[in-house]
Amino acid sequence: MSNVIEINDYSWKYVNTRTPAIEGINLTVEEGNFVGIIGPNGAGKTTLAYSIDGLIPGQYNGIKKGTVEVFGTEVEDYAKGELQQLVGVVFSDPEAQFTAMTVEDELVFGMENIGLTLPEIQERLDWVTELTELSHLLMKPPYEISGGQKQRVALAAVLAMRPKILVLDEPTSMLDPVSRGRIFEVLAKLKAEENNTIIVIEHSLENLIPLADQMVLMADGSILLQDETQAFFQQSKLLLDKGLYPPGAMHFFHELKMKNYYQGKYPLTVAEGIDLLREIKGS
Amino acid sequence: MAEEIKTELSAEEIWTEEAGEKRSIGVIHIVITALLIGIGFVVGAFGSISFPLGFGVNFFWTGIVVQQVGAIWFGAWGVIAGAIFPFFSNAIAGTPFYVSLAYLPANAIQAFLPAWAFRRFKLDPRMKSGKDYLFLFLAMVVSSIIGALWSVLVVLKGFNLLTADSVPLFIWGWFGGNVVAGVVFNFILLRALSAVVIRTTAFVKKWWA
Amino acid sequence: MNKTLLGYVPNESPIYAVHPFVKLFFLLIVSLFPMFVTAPDWNIGLMFVIIIFMWISRVNMKTLKIYVPVAISMGTIIFISYTVLGGTHPEFELLARVWGINFYWERVRDALVVYFRILPMIFTMVFFLSTSRERDIIVAMRSVKVPFVITYVFAMALRSAGMVLEDFQIVRQAEQARGFDPTGKSLPYKIRQYVMYMIPLFALSLRRSEEFTNALVARGYAFTGEFSKVKRADYILTHYSYKYFDYIFIALIGIAFIALLIFRYGFGYFLVEQSWLMRILHGAVS
Amino acid sequence: MTEKAPYIQVIDLDFEYPDGTQALKEINLEIVKGEFIALIGQNGSGKTTLSKCLNGLYKPTAGDIIVDGLNTKKSSIVQMVKRVGYVFQNPDHQLFNSNCWDEIAYGPRNIQLSDEEVKERVEEAIQVVGLPKIYHSEHPFFLSKGLRQRVAIASILALRPHVIIVDEPTTGQDMKQSLEIMDFLQDLNDKHGHTIIIITHDMPIVGIYARRVIAMAQARIMADGPTGEVFTQTEVLEKTFLAPPQITQLAQADPDLGFNPGTLTVEDMVGQFLEMMGRRE
């Protein structure tokens with residue numbers, strides 16, 4: 001597998017701020033990987049996402065050190081609008097991303113920007129609306145639908161451009177648990193059926209953990225920990241120290257471990273947790 | 001954002017580019033133009049419907065604040081937005097299409113003049129000194145006089161909507177409606193938000209970036 | 001119900017079958033009609049035609065209420081402009097003299113002419129606004145090949161106007177939730193209220209400008225450079241096609257305008273001197 | 001427990017927006033002083049509208065809301081803000097002034113308190129929310145979302161309402177910040193006796209802090225009761241598109257394991273586990 005993202009000794013300091021938002025980061029992401037990034041607010045997660053999409057340094061003023069390479073090319077060397085065909089970003093506030101009058105126009109906007117022809121647009125529109133279950137909403141104004149639907153529209157609008165890398169910056173922070181689950185269902189389908197590289201920044205770990213191949217912990221502009229998901233969460237103590245609370249089941253087993261009632265691996269899902277509990281109680 | 005340094009810029013520094021500073025037109029300016037038209041649309045229509053004198057002329061035109069403050073902060077983009085939005089807000093308030101269209105130069109001047117004064121005389125948009133107030137007030141008065149003369153003489157007379165003897169009433173109406181609303185809003189808004197705006201990427205130092 | 005710029009039109013309305021460009025064409029051309037017509041008869045006739053169009057389109061007439069004060073205040077202003085501020089004209093026919101103010105027939109007549117000229121112009125605007133959705137305007141602009149950036153700024157402006165209206169409501173509530181109560185307070189106090197509104201409205205827009213920009217850039221939109229020259233597919237236009245009646249409407253509007261000009265300048269029609277309404281009125285007052 | 005007279009009484013409340021949307025239907029509710037309530041439900045289920053009705057921003061289309069003996073329909077803004085405070089979801093909507101101190105003073109000034117009293121209340125509110133001194137003269141625009149939220153809460157606190165409603169206090173905050181804000185709301189509840197109502201999607205937070213849950217869906221109240229109880233009503237939760245926190249799911253998953261289906265926190269679960277193990281040993 002080849003590396004689609006290679007970040008070397010990368011630092012970024014916004015103009016007017018005292019300390020860099022990101023400092024000396026090294027990160028590589030393999031093609032087709034599903035990466036979860038977690039960390040407290042102000043850790044530099046969003047800055048990292050923007051750096052991969054070229055919003056930094058394109059739209060922001062600041063000082064950059066090191067390199068951020070996407071598909072082997074430094075992000076600054078892409079022409080305006082070119083990198084965005086390779087990397088798609090979904091933001092946390094869906095409403096702030098809408099600029100069209102109907103869901104359909106919203107979905108088509110990006111495809112028109114990258115110069116697709118009418119048949120291509122039609123084909124992708126059908127694909128993406130089926131994937132995200134939006135067909136019945138096409139004629140509605142995007143700001144009059146429910147929060148969960150809004151975020152699915154925002155996601156679909158990016159997916160329709162078929163970016164090879166998909167970055168989601170807290171895509172479900174405004175959603176209720178069920179709508180949150182549905183966004184992750186779409187991501188699970190993508191992971192299973194397509195070969196996208198997916199990077200998700202999230203506070204809510206419940207849905208993220210079962211999908212993620214790799215996890216990254218950021219704090220104060222640095223990467224503190226990067227590992228495969230299972231191994232990553234065996235470091236629960238470090239996570240708790242950074243104020244990141246693992247999902248209930250995992251947290252429970254962590255507490256048991258602290259009290260020497262449990263020695264094994266932490267469960268990633270409720271189902272795994274139940275199996276473990278049955279084992280313990282059965283023994 | 002919380003750790004922002006409080007660097008006190010001087011009025012001079014606000015309007016001049018630092019050595020090596022690169023400023024270029026970007027998508028943000030397009031967005032700002034659109035947002036200003038949007039705000040102006042609502043705020044302007046509100047004024048036009050609440051205090052009408054007729055033909056989009058009114059006693060207290062709240063739209064002026066978007067026009068003038070917008071152009072002070074965002075240069076030519078503010079001027080463009082300030083010229084265009086009254087067209088829509090007037091339309092909603094019941095001004096005929098072509099009358100609205102003909103107001104365009106008057107509105108452009110009203111947006112342009114204060115913005116020009118700030119850049120030409122290096123005034124501080126945070127309204128720090130008496131000079132800032134005086135010059136802005138003068139710019140408001142002069143631009144509103146030009147605006148009033150244009151709109152009333154050229155447009156209302158040109159469209160044959162008024163008698164010669166009632167022209168002064170409309171000139172005063174347009175002028176007063178702008179200046180009073182401008183005095184009420186411009187100073188306060190500039191004081192409240194300029195410190196914020198000049199630190200954002202959207203702020204326009206010259207005319208276009 | 002479908003939201004138009006001025007409220008709602010029912011789901012089922014014949015106006016939806018009409019191509020958006022036809023509506024824009026109607027606005028642009030029919031707005032000109034009254035400028036060549038001084039006889040109120042014809043202008044009143046035009047108003048009736050537009051009202052019939054509105055009725056056929058099933059426009060909710062209640063939304064038109066906001067124009068009643070506008071129409072009244074404008075009428076009053078015009079009337080005052082032509083009477084109180086009309087000056088002394090010994091050559092005119094004096095109808096009445098009240099508190100030293102001269103009411104001349106010619107002045108009253110001119111006031112009516114102007115008023116009935118302006119009303120149909122407003123009616124065309126209102127007809128357009130109440131039957132066009134935002135998307136229609138975009139389609140109309142795109143179908144006449146207006147540069148994309150202009151239609152897009154326009155679309156975004158409409159969208160942000162909607163947001164500002166929403167914000168406006170919330171900010172007003174937020175002000176109340178902080179104990180701001182304008183009832184029974186002085187005018188300066190009330191004015192202060194409007195001043196305070198403005199601050200969060202601008203602050204919100206500033207914050208949004210950043211988010212919007214990121215969203216646009218992330219969606220591959222470029223304003224300058226190579227990718228801004230990309231040929232856009234204009235997918236939205238595939239939903240709209242000109243039907244035979246669209247051509248008929250365009251032709252009718254165009255022919256009516258040309259006929260108007262020919263009759264006006266070729267044969268001297270539509271002048272106030274030929275107005276039988278004015279003749280009746282003159283007979284009644286003098 | 002002694003029967004206390006309700007502080008807020010909602011009787012057959014209906015609310016319809018001017019455009020005809022029915023936002024609340026047949027709401028009946030009693031809130032007693034000192035409660036800590038979570039109002040949960042999908043986006044658009046009517047939570048925010050209900051809150052705005054409780055503090056008189058919206059007047060009922062039908063039915064009545066009695067707050068501290070006053071009918072919201074007949075009460076002035078000033079009367080209501082002294083009783084029920086509502087903190088808006090997006091702090092940007094309620095920030096009017098150019099520095100944080102003035103912002104917090106804005107409410108007290110509006111209800112025309114004397115300068116000394118304004119100062120006293122602002123200082124108190126600043127202390128309660130723990131706003132560091134360096135931010136007092138800073139423009140609220142430049143504060144982080146978490147700090148802006150605190151300024152917003154302080155600005156309501158300065159009006160000293162008995163009931164404080166906070167709309168989505170933890171959205172966009174990380175877990176540590178969320179717990180900080182919630183701990184501080186709990187302090188207000190415990191130490192100062194305020195009645196707290198939070199609107200939230202964050203189920204673990206509900207589990208840890210709320211003692212009572214009101215679940216809404218389609219403009220109606222679907223469930224109302226002690227948190228643990230509501231989280232065991234699986235059918236109702238499905239209807240409201242909600243799911244209990246993961247720890248509760250774990251406790252409920254296999255009844256044979258013997259955990260209390262109303263388990264709300266990890267500590268509780270651990271406690272139960274230790275008890276079971278102890279019993280077995």
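Letters go in sequence order (proteins before strands), and every chain restarts at 1. For clarity, every value in this text was computed on a predicted model and none was experimentally measured. Values below: all heavy atoms of this structure, side chains included; hydrogens, waters and symmetry mates excluded.
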Report task. Sort D/I40 into side chain, backbone, both or neither according to what part of it lies under 4.5 angstrom from a heavy atom of chain A. Result -> neither
Query - Among A/I274, A/T269, A/L276, side chain to side chain contact (heavy atoms under 4.5 Å, CB included) partner for D/L250 - result: A/I274
Report summary line: Counting heavy-atom pairs under 4.5 angstrom with chain D, the leader among A/G147, A/G39, A/A43 is A/G147
Query - A/K191, NZ atom: more than 12 neighbouring heavy atoms under 6.0 Å - result: yes
Report task. Identify which of D/Q89, D/H201, D/E168 forms the greatest number of heavy-atom pairs closer than 4.5 Å to chain A. Result -> D/H201
Query - Atom group of D/F273 that falls short of 4.5 Å from chain A, counting heavy atoms - result: side chain
Query raised in the report: Do the non-hydrogen side-chain atoms of A/Y245 and D/L179 ever get within less than 4.5 Å of each other?
Result: yes
Query - Toward chain A, the part of D/Q42 with a non-hydrogen atom under 4.5 Å - result: both
Query raised in the report: Can you check whether D/D256 reaches A/R278 side chain to side chain, under 4.5 Å on heavy atoms?
Result: no
Query raised in the report: Taking atom NZ of A/K237 as the centre, does the number of heavy atoms from other residues, nucleotides or ligands within less than 6.0 Å exceed 12?
Result: no
Requested in this report: Report, as yes or no, whether the 6.0 Å neighbourhood of atom CZ on A/F232 holds more than 12 heavy atoms from other residues, nucleotides or ligands.
Outcome: yes
Report task. Under 4.5 Å heavy-atom distance to chain A, tell me which part of D/M203 shows up: side chain, backbone, both or neither. Result -> side chain
Query raised in the report: Around atom CD of D/Q218, are there more than 12 heavy atoms of other residues, nucleotides or ligands at under 6.0 Å?
Result: no
Query raised in the report: Is the number of heavy atoms from other residues, nucleotides or ligands within 6.0 Å of NZ (A/K140) greater than 12?
Result: no
**Report entry** Largest heavy-atom contact set with chain D, pairs under 4.5 Å, which of A/G273, A/S146, A/P40
**Finding:** A/P40
Query raised in the report: So which bits of residues 202-214 of chain A come within less than 4.5 Å of chain D, counting non-hydrogen atoms only?
Result: A/H203, A/E206
Query raised in the report: If every non-hydrogen atom of D/Q246 is compared with every non-hydrogen atom of A/P247, which pair is closest and at what distance?
Result: OE1-CB, 2.7 Å
Query raised in the report: How would you list, by chain and number, every residue that makes a side-chain contact (heavy atoms from CB on, under 4.5 Å) with D/A217, sequence neighbours excluded?
Result: D/M222, D/T240
Query raised in the report: Taking non-hydrogen atoms and a cut-off under 4.5 angstrom, which of residues 173-188 of chain A neighbour chain D?
Result: A/S173, A/M174, A/L175, A/D176, A/P177, A/V178, A/S179
Report summary line: By side chain to side chain donor-acceptor pair (under 3.5 Å), D/K47 pairs with (sequence neighbours left out) none
Report task. Among the options D/T170, D/T171, D/T200, D/T248, pick out the one with the most heavy-atom pairs lying under 4.5 Å from chain A. Result -> D/T171
